[in-house]
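Structure first, commentary second.
Numbers restart at 1 for each chain; the letters A, B, ... are given by sequence-line order, proteins then strands.
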Protein chains: 2
Amino acid sequence: MNQPLRMTKQRAAVAEVLDASDEFRSAQQLHELLRDRGDTVGLATVYRTLQALADGGDVDVLRTDDGEALYRRCARAEHHHHLVCRSCGRAVEIDGPTVEAWAAEVGASQGFSDIEHTIELWGTCAQCRANVTKSS
Amino acid sequence: MNQPLRMTKQRAAVAEVLDASDEFRSAQQLHELLRDRGDTVGLATVYRTLQALADGGDVDVLRTDDGEALYRRCARAEHHHHLVCRSCGRAVEIDGPTVEAWAAEVGASQGFSDIEHTIELWGTCAQCRANVTKSS
DNA sequence: ACAGCTTTGACTTTCATTCTCAACAAGGTC
DNA sequence: GACCTTGTTGAGAATGAAAGTCAAAGCTGT
Ligand SMILES: [Zn+2]
Ligand SMILES: [Zn+2]
Ligand SMILES: [Zn+2]
Ligand SMILES: [Zn+2]
């Protein structure tokens with residue numbers, strides 16, 4: 001079986017920046033944040049840690065329009081989806097009981113098995129909208 | 001205003017392979033298919049054409065789990081979603097009136113504007129399931 | 001301290017996608 | 001058809017996210 005991960009200071013640091021932000025962030029952004037905080041963590045380590053956290057279901061991952069991965073530690077561990085601000089990354093966790101059922105049903109009715117679904121909502125949060133308005 | 005696109009033999013070729021396949025395919029796969037058919041189209045051109053078709057809403061684009069873009073020319077032009085076989089790319093177009101309403105509503109209720117949604121279902125199609133079973 | 005792990009990080013490598021730019025082809029005009 | 005103007009092509013270089021390499025450094029139990 002796979003050993004439990006050792007808690008090293010860099011893994012702790014990555015976890016901390018994740019906890020500290022409400023927004024979805026890319027691996028590179030997190031790497032920058034760490035640098036700014038004074039913690040020097042190699043980029044490769046950030047990627048590895050994020051990967052591990054994602055595999056363990058401890059962080060949620062989603063992909064931007066152009067394929068970049070964004071990570072965020074969510075409040076709840078149960079299955080849920082997100083409403084993400086496309087300009088700042090701020091996110092709200094959302095449930096969709098109806099949607100869940102719909103997805104499973106549609107999948108099965110078409111003869112597909114091992115159904116999974118990708119459901120994310122994108123928008124502009126109130127704060128970002130205000131900023132855009134102001135600067136125009 | 002933007003001129004209409006010129007119809008070149010390479011754009012026609014890309015459109016043809018797209019029309020010929022029911023499955024979601026990557027730019028590289030399409031490039032291979034073209035090569036196999038004898039049409040020599042530069043990879044860059046395949047990407048450019050796909051980009052243009054996507055911008056014009058003539059092909060649907062989605063991203064695999066690891067961020068690669070997949071393209072497919074769908075039967076209908078109206079907004080819809082897909083149930084895609086994660087092993088062969090075969091896809092079924094699906095509607096979700098309920099889901100559409102749900103997405104818009106959730107977005108608005110959280111103070112977000114310009115709501116868009118990403119909804120895709122993944123599974124293993126009957127055919128691929130049969131193949132796996134056979135070879136095990 | 002020691003041995004036997006795991007983890008790190010600077011660097012290299014991979015791989016999809018985009019860019020550059022000179023040669024080329026479409027469409028319109030006479 | 002000959003010709004011009006302008007969009008298009010493609011080989012190769014460039015980009016950028018993500019994963020791999022491997023020697024040095026860090027833990028953990030004895
Ligand atoms: Zn925002
Ligand atoms: Zn769900
Ligand atoms: Zn299949
Ligand atoms: Zn929809």
Side-chain angles (χ1 to χ4, degrees), chain A residues 1-18 23-56 58-72 84 86 89, chain B residues 1-18 23-56 58-72 84 86 89:
Chain A
M1 279 291 116
N2 36 19
Q3 272 73 44
L5 297 183
R6 281 186 193 163
M7 182 48 62
T8 64
K9 69 170 70 66
Q10 21 289 82
R11 292 216 249 253
V14 171
E16 269 177 51
V17 276
L18 273 173
E23 298 91 25
F24 269 93
R25 307 258 96 125
S26 70
Q28 317 249 2
Q29 286 178 321
L30 291 168
H31 180 238
E32 284 256 311
L33 288 178
L34 285 166
R35 162 159 305 172
D36 294 347
R37 280 195 359 162
D39 294 303
T40 306
V41 181
L43 183 53
T45 302
V46 175
Y47 274 109
R48 278 187 293 241
T49 305
L50 252 18
Q51 185 84 56
L53 288 172
D55 288 349
D58 295 314
V59 296
D60 288 352
V61 192
L62 59 80
R63 300 245 166 211
T64 65
D65 227 31
D66 51 292
E68 192 181 4
L70 299 183
Y71 306 82
R72 176 181 192 261
V84 190
R86 68 169 73 73
Chain B
M1 278 293 117
N2 37 18
Q3 272 72 45
L5 296 183
R6 283 184 192 168
M7 183 47 62
T8 64
K9 70 170 68 70
Q10 22 287 77
R11 291 215 249 254
V14 171
E16 270 177 49
V17 276
L18 273 172
E23 297 92 26
F24 269 93
R25 308 257 93 126
S26 71
Q28 317 248 3
Q29 285 177 321
L30 291 168
H31 181 239
E32 284 258 310
L33 288 177
L34 286 166
R35 162 158 304 174
D36 294 347
R37 277 193 5 159
D39 295 302
T40 306
V41 181
L43 182 54
T45 301
V46 174
Y47 273 107
R48 276 186 295 239
T49 305
L50 253 17
Q51 184 85 56
L53 289 171
D55 288 349
D58 295 313
V59 296
D60 288 351
V61 192
L62 59 79
R63 300 240 166 216
T64 64
D65 226 30
D66 52 292
E68 192 180 3
L70 299 183
Y71 307 82
R72 177 182 193 257
V84 189
R86 69 170 72 75

- Query: How close or far is atom P of dA18(D) from atom CG of Leu30(A), stated in whole angstroms?
  - Reply: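 Those two atoms, CG and P, are 11 Å apart.
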
- Once you round it to whole Å, what is the distance between P of dG27(C) and CZ of Arg11(B)?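 Atom CZ in Arg11(B) sits about 10 Å away from atom P in dG27(C).
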
- Item | side-chain contact (heavy atoms from CB on, under 4.5 Å), paired with Val14(B), selected from Leu30(B), Leu34(B), Thr8(B), Asp39(B) |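 Going through Leu30(B), Leu34(B), Thr8(B), Asp39(B) one by one, the side-chain contact (heavy atoms from CB on, under 4.5 Å) with Val14(B) is satisfied by Leu34(B) alone.
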
- Message: At a heavy-atom distance below 4.0 Å, what parts of residues 32-42 of chain B sit against DNA chain D?
- Response: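 Under 4.0 Å from DNA chain D: Thr40(B), Val41(B), Gly42(B).
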
[Y] backbone acceptor or donor facing [X] side chain under 3.5 Å:
X	Y	answer
His31(B)	Gly42(B)	no
Arg25(B)	Arg72(B)	no
Arg11(A)	Thr49(A)	no

Let me confirm one number: the [atom1]-[atom2] distance from [X] to [Y], rounded to the nearest 0.5 Å.
X	Y	atom1	atom2	value
Arg63(A)	Asp65(B)	CZ	CG	7.0 Å
Arg37(A)	Glu16(A)	CZ	CD	4.5 Å
Glu32(B)	Gln29(B)	CD	CD	8.5 Å

- Task: Would you mind building the protein contact string for nucleotides 14-26 of chain C? One character per nucleotide, 5' to 3', B for base within reach (heavy atoms under 4.0 Å), S for sugar-phosphate only, - for untouched.
- Result: --SBBBB----BB

- Report, as yes or no, whether the 6.0 Å neighbourhood of atom CG on Asp55(A) holds more than 12 heavy atoms from other residues, nucleotides or ligands.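 Correct, the count exceeds 12.
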
